[in-house]
Amino acid sequence: MYNFNFHSPNTIEEAINIYNGSEEPKFLAGGMTLLASMKQRLIAPSDLIDLRNIKDLSEISSKENHITIGSLCTHSEVSNNVIIKNKIKNLAKLANGIGDPAVRKMGTIGGSIANSDPAADWPAAILALKANIKTNNRIILNRDLFIGMFETSLEENEIITSIEIQVPDFFDYIKFPNPASRYAIVGVAIAKYDSNVIVTVSGASHKPFIADALSESLSKNFSSNIPLKTISLDELNEDIHASAEYRANLIDVLTKKIINNN
Amino acid sequence: MHEISIKITINEKNYEKSILPNTLLIDFLREELGLTGTHVGCDTSQCGACMVLHNNEALKACSILVAQLNNQEITTIEHLQKDNKLHPMQNAFRNNHGLQCGFCTPGMIMSAISLINENNSPTEEEIRKHLEGNLCRCTGYQNIVKSIEEGAKDMREKG
Ligand SMILES: Cc1cc2nc3c(=O)[nH]c(=O)nc-3n(C[C@H](O)[C@H](O)[C@H](O)COP(=O)(O)OP(=O)(O)OC[C@H]3O[C@@H](n4cnc5c(N)ncnc54)[C@H](O)[C@@H]3O)c2cc1C
Ligand code: FES
Ligand code: FES
């Protein structure tokens, strides 16, 4: 790993000021992704700005039918949190399925969303739920955030502060994990508000996406009698783990599994 | 690049050191302090050989900077034995043939203690799920699970 300057600001303003005054800075949350890429010398930031000492970013709260999760909450904090368990229990289950216990102790929800790995679990869930991403200077609608592979609409010097989620009538997420990394080969999230259903998919394409035909069909009739193979194979990944056809089939299988478990 | 000054407590000893910001905890433990009980298996957060305790929970020392641990406390495998007596979890690994080459063992033991701190009577399934971040190339895990079951029982009895 190349060297860098290290900063641990106590406020968001301080963090942004340091960012703006540095050559090629990076924000650091749990480091589970960032430090790994620095060790491989894929990136070499001039400055690391540790966000973990900024206090208000690690809180989880609820108000009426919304919950707010601070961006610096770790996966294990989310999975053990009473509010999350009471309001959207399968979000706690999702957090508890990320990597392994040591990864969950360090990795954060904000880091996962900012990193926008197409195979990560949080982005698909955030896209399916009615969710807004709050940053230090604006509110971004979930659908406007994930624009490409490892690419979001965040500005470089923008910090995610929290994620606000409207509590759904139903939510679940199931993944078919890569047995080594636990990242999704394919993951499916389903969120339902009244009769309005959104189905999203992780792991299968260059970014998490909404499965339109499945969402439409489930909005009309929330049953496992779904139309099959609705996603064009051209849009799906093909790699050593799975062919595009296999992934298309997994999307249908996982969708039915969620409905049947319900 | 500027060195930074950090304070860190390792195995109940306080250190105040000037370090390069890119110093990983694992290198600090092994190279700077000579605590070579914590192993490096993969250096990529996969294998868990490098696990140490932080706030009673295991973390991977190959994937965290010392700079992120300023004013905090770490316990390594060297600090488990008390008065020349093995920790109950170490003893259980010995009794149950929970190791062969022993390379993964320090990490396995720290991971096991971390589990028991959170859940003092885990089921076999919970033990296996908890070990997702610990790889062993020798044992086939069977005796590791047995060791952790016995270690959990002894830790409960010894309070
Ligand atoms: C062995 C292993 C297994 C894993 N398995 C899974 C898995 O099964 N599923 C899964 O979803 N993920 C998995 N991950 C990834 C893990 O969830 C990471 O925690 C996550 O991708 C990054 O979060 P972090 O807090 O560590 O971020 P960091 O690594 O610190 O940062 C990642 C990026 O996000 C930026 N960033 C961080 N926080 C913010 C913020 N608040 N505002 C703006 N930018 C920010 C950083 O600048 C950096 O570019 C795994 C990781 C490892 C090492
Ligand atoms: S050496 Fe740290 S996880 Fe393998
Ligand atoms: S005993 Fe050899 S790797 Fe586990």
Side-chain angles (χ1 to χ4, degrees), chain A residues 1-10 22-23 25-53 72 74-77 79-80 93 96-108 111 177-183, chain B residues 1-6 19-27 40 42-72 107-108 110-119 122 126-135:
Chain A
M1 188 177 357
Y2 293 110
N3 227 321
F4 46 81
N5 297 309
F6 189 85
H7 312 268
S8 24
N10 292 312
S22 308
E23 217 168 297
K26 271 274 178 197
F27 296 120
L28 175 68
M32 288 292 102
T33 299
L34 183 53
L35 293 177
S37 358
M38 289 170 61
K39 284 202 279 187
Q40 291 176 292
R41 299 193 170 180
L42 294 173
I43 47 172
S46 63
D47 293 74
L48 278 193
I49 306 166
D50 188 359
L51 301 177
R52 290 193 315 153
N53 296 313
L72 268 283
T74 63
H75 309 316
S76 92
E77 281 164 354
S79 75
N80 291 317
K93 183 187 80 174
N96 197 37
I98 295 177
D100 60 61
V103 169
R104 295 194 285 274
K105 174 179 163 65
M106 292 304 297
T108 65
N178 176 318
S181 72
R182 316 272 164 202
Y183 273 107
Chain B
M1 297 294 152
H2 303 293
E3 290 207 341
I4 48 171
S5 158
I6 55 111
I19 57 160
L20 285 169
N22 69 350
T23 310
L24 291 164
L25 177 60
I26 187 70
D27 296 328
V40 189
C42 65
D43 201 26
T44 55
S45 323
Q46 309 285 329
C47 76
C50 63
M51 281 185 179
V52 297
L53 292 182
H54 170 252
N55 297 337
N56 291 324
E57 293 170 344
L59 58 72
K60 293 173 177 171
C62 72
S63 300
I64 189 163
L65 301 167
V66 180
Q68 290 171 278
L69 293 166
N70 198 12
N71 294 316
Q72 297 180 50
M108 285 288 176
M110 296 322 245
S111 184
I113 292 174
S114 166
L115 169 64
I116 309 308
N117 287 339
E118 178 190 315
N119 169 5
E126 284 167 339
I127 294 174
R128 287 185 185 274
K129 173 152 170 54
H130 184 83
L131 293 182
E132 278 176 352
N134 296 89
L135 301 182

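None of these values were measured; they are calculated from a predicted model. Lettering follows sequence order; numbering is per chain, from 1.
In the model, D50(A) has no side-chain atom that pairs as donor or acceptor with a side-chain atom of S8(A) under 3.5 Å. Residues N119(B) and E126(B) bring a donor and an acceptor atom of their side chains to less than 3.5 Å of each other. In this model, a donor atom of one side chain and an acceptor atom of the other lie less than 3.5 Å apart for D47(A) and H7(A).
Inter-residue side-chain proximity for M38(A) and L48(A) is flagged as met; some heavy-atom pair is nearer than 4.5 Å.
Proximity to chain A is limited to the backbone of A58(B), based on heavy atoms less than 4.5 angstrom apart. Of the atoms belonging to M106(A), it is side-chain heavy atoms, and not backbone ones, that fall under 4.5 Å from chain B. For D43(B), the parts lying under 4.5 angstrom from a heavy atom of chain A are both the backbone and the side chain.
Note: L24(B) leads N55(B), L24(B), I4(B) in heavy-atom pairs under 4.5 Å with chain A. Each of Q40(A), R52(A), K105(A) has some count of heavy-atom pairs under 4.5 Å with chain B, and the biggest count is that of K105(A). Most heavy-atom pairs under 4.5 Å with chain A: of the set Q68(B), M51(B), E118(B), this distinction falls to Q68(B).
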Please list, one pair per line, the donor and acceptor atoms closer than 3.5 Å that link side chains of residues 59-66 of chain B to other protein atoms, with sequence neighbours excluded.
unit_1, atom_1, unit_2, atom_2, d
K60(B), NZ, D100(A), OD1, 3.4
K60(B), NZ, D100(A), OD2, 2.7
K60(B), NZ, S45(B), O, 2.7
S63(B), OG, S45(B), OG, 2.7

